[in-house]
Visitor: 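First, the structure itself, so that you have it in front of you.
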Amino acid sequence: MNGMKGMDEQRETVRLEHAQAARMYNVDRIDACISTGQSRYEGPLLDLSAGGMAMLAPLSLPLNLPVDLDLNVGQHRMHAQGLIKNRNRLGSQYRLGVQFTKLGPEDEAFLQLLYGPGGTYEEVDGLAGE
């Protein structure tokens, strides 16, 4: 089993950090948009996994709030629905962790290309630490 899992026992899927994703797609930054139905916020993507994502936002949102997500990863435009699962203050902004609750077939296929079929630690053992 990969040693990274011990760093966060709750995490079931491998997380691709922003710098890794940006390097893969030859961009400086990947922006994410989060919509609550009433408001829309943009900020940099911090990490992405088969189970969810994290982004930097200008404000905190309530836990378990349903949200719509949009992000461009390379040439792929991804849309998902999710729930705010964690939030942490980082200076004057907030890191919002979102669990995906609904992905379209194209987005599921895209994440499988990044992580393999399910993106679990066991399926990518040996690659997660690269």
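We count residues from 1, following the sequence as given. Everything numeric here is computed off the predicted structure, so don't read it as measured data.
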Visitor: Supply the atom-to-atom distance N86 CG to Y94 OH, rounded to the nearest 0.5 angstrom.
Guide: 14.0 Å
Visitor: Before giving the answer on side-chain contact (heavy atoms from CB on, under 4.5 Å), spell out for Y41 and L56 the whole-Å C-alpha distance, their side-chain angles and the decisive distance to 0.1 Å.
Guide: CA-CA 10 Å; Y41 307 99; L56 199 59; over 6 Å; no
Visitor: Looking at every non-hydrogen atom in both residues, tell me the closest pair between E42 and M55 and how far apart they are.
Guide: C-CE, 4.0 Å
Visitor: For L45 and D31, what are the C-alpha separation, side-chain angles and deciding distance, and is it a side-chain contact (heavy atoms from CB on, under 4.5 Å)?
Guide: CA-CA 5 Å; L45 179 75; D31 284 320; over 6 Å; no
Visitor: For the side chain of R87 and the backbone of R89, is there at least one donor-acceptor N/O pair under 3.5 Å apart?
Guide: no
Visitor: Are the side chains of I34 and L61 in touch, meaning some heavy atoms are under 4.5 Å apart?
Guide: yes
Visitor: If you compare all heavy atoms of A80 against all heavy atoms of L103, which two are closest, and at what distance to 0.1 Å?
Guide: CB-CD2, 3.4 Å
Visitor: Using every non-hydrogen atom in the two residues, find where L96 and A57 come nearest and quote the distance to one decimal.
Guide: CD1-CB, 3.6 Å
Visitor: Passes side-chain contact (heavy atoms from CB on, under 4.5 Å), L69 versus M53? Steps please.
Guide: CA-CA 10 Å; L69 306 159; M53 59 165 263; 4.1 Å; yes
Visitor: Would you indicate whether the side-chain heavy atoms of V67 and L83 approach each other to under 4.5 Å?
Guide: no
Visitor: Donor-acceptor pair, S35 side chain versus G37 backbone, under 3.5 Å?
Guide: no
Visitor: Compare all side-chain heavy atoms of R95 with those of D47 and state whether any distance is below 4.5 angstrom.
Guide: yes
Visitor: Below 4.5 Å, heavy atoms only, C-beta onward: do L111 and M78 meet side chain to side chain?
Guide: yes
Visitor: Would you check if I30 and N72 make a side-chain contact, meaning some heavy-atom pair closer than 4.5 Å?
Guide: no
Visitor: Can you tell me how far the CG atom of N64 sits from the CD atom of Q99, to the nearest 0.5 Å?
Guide: 9.0 Å
Visitor: Between D68 and R40, does at least one N-O distance fall below 4.0 Å, as a salt bridge requires?
Guide: no
